Amino acid sequence: MKRVTLTRFLIDEQYNRSAVPADLRLLIEVVSRAIKAISINVGKGALAGILGEHAAAAGDASVNVQGEAQKKLDVIANEILLEANEWGGHLAAMASEEMEGPHAIPHRYPKGEYLLLFDPLDGSSNIDVNVSVGTIFSVLKCPEGAEPNRQPTEKDFLQPGSKQLCAGFAVYGPSTLLVLTLGSGVHAFTLDRELGSFVLTHENIRIPEDTKEFAINMSNMRFWEPPVKRYVEEMLAGKTGPLGKDYNMRWIASMVADVFRILTRGGIFMYPRDNKDPSKPGRLRLMYEANPMAMIVEQAGGAATTGRERILDVQPTGLHQRVAVILGSKNEVDRVTGYHS
Ligand code: AHG
Ligand code: MN
Ligand code: MN
């Protein structure tokens with residue numbers, strides 16, 4: 001079998017139809033190196049003493065900007081990504097789930113024209129129970145390009161997902177996977193742990209248009225809006241209901257693992273809007289969870305909406321804004337989106 005590494009894939013147009021500019025290619029290489037480092041840390045688990053909550057200086061458990069408890073690995077993964085990308089030379093700034101505002105590139109390092117956004121560790125609640133977690137990232141162009149004397153602000157990041165140049169995610173599971181799109185299809189690479197390189201193992205992934213599998217946190221049922229309640233009730237009715245087929249349910253509570261399953265065999269994933277906390281129109285964050293996943297799912301032939309509109313068309317208003325997410329097999333996403341209108 002011919003081995004196509006990520007490096008070769010990015011250069012060789014035989015595999016990758018979008019001629020990738022050199023600086024974007026090198027940026028992806030840097031991100032993939034950080035992902036390897038995170039994978040090694042995740043894999044050590046309790047041996048490295050890195051499970052559990054992150055303790056703030058005072059010894060209390062620390063919370064991030066969104067009021068969520070930070071795990072030690074959330075903080076470690078964030079630091080690995082920051083450190084690796086600070087001196088890479090391709091970025092104007094970075095933004096992360098774990099930091100309130102944009103992270104500037106230190107003056108002593110060269111800068112580039114891209115903005116990198118990430119969820120350093122997705123599925124943190126699964127770390128301590130040894131279930132798959134991951135990293136999600138998104139690349140945008142900085143509106144004013146690489147201006148040496150201007151630090152990008154939050155406003156520079158607030159571009160709709162349709163402007164993403166690249167999106168990807170890693171899954172730290174039985175094997176470590178890197179899923180990537182540059183706007184012409186979706187490809188996945190498996191980490192060869194001996195050689196330390198990502199090898200192309202899933203070329204041109206396509207999501208089946210129909211499915212019999214759904215993913216939703218059913219414990220929130222009483223908070224859902226009527227269209228989602230109707231759809232889930234119809235799926236639960238199975239063969240005897242209007243959809244005429246029996247469905248299966250899976251909920252890993254790591255979006256990276258749920259989305260990779262959907263890329264592999266189809267399915268629909270929903271974290272819909274609910275009235276649990278009216279100040280939050282959804283649980284997942286637009287800029288570094290919903291947008292990159294929506295780009296990947298669309299590039300694989302699936303669909304991604306908020307129930308009301310295409311996720312990639314949402315005009316962002318804040319770095320950490322939350323959004324309803326319905327994504328996966330096209331015909332099912334279209335059906336439940338239709339129920340909203
Ligand atoms: P994070 O760990 O980055 O905060 O994200 C977790 C997300 C997502 O991965 C998952 O689909 C969802 O939260 C799980 O939510 P529940 O705990 O409500 O099931
Ligand atoms: Mn997350
Ligand atoms: Mn996270």
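Since we're looking at a predicted model, the values are computed, not measured. Read the numbers this way: they start at 1 and go in the same order the structure lists the ligands and their atoms.
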Enquirer: Mark up the atoms of ligand 1 that fall under 4.0 Å of a heavy atom belonging to Leu121, in ascending order.
Expert: 2 (O), 3 (O)
Enquirer: Quick check: does Asp122 get an N/O under 3.5 Å from an N/O on ligand 1?
Expert: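 Yes, there is a polar N/O contact under 3.5 Å.
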Enquirer: Looking at Lys245 and Glu332, is there a salt bridge between them, counting it only when a charged N and a carboxylate O are closer than 4.0 Å?
Expert: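 Yes, this pair counts.
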Enquirer: What is the nearest protein non-hydrogen atom to atom 17 (O) of ligand 1, stated with its residue, atom name and distance?
Expert: Arg283 NH2, 4.2 Å
Enquirer: So, are Lys330 and Asp210 salt-bridged, with charged N and O less than 4.0 Å apart?
Expert: no
Enquirer: Heavy-atom contacts with Arg285 under 4.0 Å: which atoms of ligand 1 show up? List them by number with element.
Expert: 1 (P), 3 (O), 4 (O), 5 (O)
Enquirer: In Å and rounded to the nearest 0.5 Å, what is the CZ to OG distance from Phe169 to Ser138?
Expert: 14.0 Å
Enquirer: Within this structure, what is the CD1-CG distance for the pair Ile311 and Asn291, rounded to the nearest 0.5 Å?
Expert: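 Spacing of CD1 (Ile311) from CG (Asn291) equals 7.5 Å.
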Enquirer: Is it the side chain (CB and beyond), the backbone, both or neither of Glu98 that lies under 4.0 Å from ligand 1, heavy atoms counted?
Expert: neither
Enquirer: For residues Ser124 and Asp74, is any side-chain donor paired with an opposing acceptor at under 3.5 Å?
Expert: yes
Enquirer: Measure the spacing between NZ of Lys141 and CD of Glu113 and express it to the nearest 0.5 Å.
Expert: 4.0 Å
Enquirer: So among Asn220, Leu327, Ile326, which one has a side chain to side chain contact (heavy atoms under 4.5 Å, CB included) with Tyr271?
Expert: Asn220
Enquirer: Nearest to atom 18 (O) of ligand 1, what protein heavy atom do you find, and at what distance?
Expert: Tyr271 OH, 2.5 Å
Enquirer: Examine all N, O or S atoms of Pro120, backbone included, and report whether one is under 2.8 Å from the Mn ion (ligand 3).
Expert: no
Enquirer: Looking from the Mn ion (ligand 3), what is the angle between OD1 on Asp119 and O on Leu121, to the nearest 10°?
Expert: 90°
Enquirer: Indicate if the distance from the Mn ion (ligand 3) to the nearest N, O or S atom of Glu97 falls below 2.8 Å.
Expert: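 Coordinating: yes.
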Enquirer: Measure the distances from the heavy atoms of Ala253 to every atom of ligand 1 and state whether one is below 4.0 angstrom.
Expert: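 Heavy atoms of Ala253 do come under 4.0 Å of ligand 1.
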Enquirer: Pick one: which of Val259, Val179, Asp258 meets side chain to side chain contact (heavy atoms under 4.5 Å, CB included) with Met293?
Expert: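 Going through the options one by one, the only one that passes is Val259.
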Enquirer: Using the ring of each side chain (for Trp, its six-membered ring), is Phe260 parallel, tilted or perpendicular to His202, with breaks at 30° and 60°?
Expert: perpendicular
Enquirer: Is Phe269 close to ligand 1, meaning an N/O of one under 3.5 Å from an N/O of the other?
Expert: no
Enquirer: In ligand 1, which numbered atoms sit nearer than 4.0 Å to a non-hydrogen atom of Ser254?
Expert: 9 (O)
Enquirer: Just which atoms of ligand 1 are under 4.0 Å from any heavy atom in Met255?
Expert: 8 (C), 9 (O), 10 (C), 11 (O)
Enquirer: Looking at Glu289, pick out the N, O or S atom nearest to the Mn ion (ligand 2) and give its name.
Expert: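 That would be atom OE2.
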Enquirer: Check this for me - ligand 1, Asn220, N or O atoms closer than 3.5 angstrom, yes or no?
Expert: no
Enquirer: Examine the proximity of ligand 1 to Ser124 and report which part, side chain or backbone, both or neither, has a heavy atom under 4.0 Å away.
Expert: both
Enquirer: Step through the shown structure and confirm whether more than 12 heavy atoms of other residues, nucleotides or ligands are within 6.0 Å of NZ on Lys36.
Expert: yes
Enquirer: Would you mind telling me if ligand 1 is within reach of the side chain of Asp119, the backbone, both or neither, using heavy atoms under 4.0 Å?
Expert: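 The answer is the side chain of Asp119.
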Enquirer: Strictly below 4.0 Å, N to O, side chains only: are Glu97 and Arg285 in salt-bridge contact?
Expert: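 A salt bridge is present here (some side-chain N lies under 4.0 Å from a carboxylate O).
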Enquirer: Could you confirm whether Asp122 has any N/O/S atom lying under 2.8 Å from the Mn ion (ligand 3)?
Expert: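 No.
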Enquirer: Does an N or O from Asn217, backbone or side chain, lie closer than 3.5 Å to an N or O of ligand 1?
Expert: yes
Enquirer: Taking the six-membered ring for Trp, is the centroid-to-centroid distance between Phe214 and Trp251 below 6.0 Å?
Expert: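 That pair fails the under 6.0 Å test.
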Enquirer: Quick check on contacts: which atoms of ligand 1 are under 4.0 angstrom from a heavy atom of Glu289?
Expert: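 Counting atoms of ligand 1 from 1, those under 4.0 Å from Glu289 are 3 (O), 5 (O).
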Enquirer: Does any N or O atom in Leu284 lie less than 3.5 angstrom from one in ligand 1, N or O only?
Expert: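 In this structure, Leu284 places no N or O atom under 3.5 Å from an N or O of ligand 1.
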Enquirer: Relative to the heavy atoms of Glu97, which atoms of ligand 1 are at a distance of less than 4.0 Å?
Expert: 3 (O), 4 (O)
Enquirer: Quick test of your reading of the model: are Glu234 and Lys229 salt-bridged, counting only N-O distances below 4.0 Å?
Expert: no
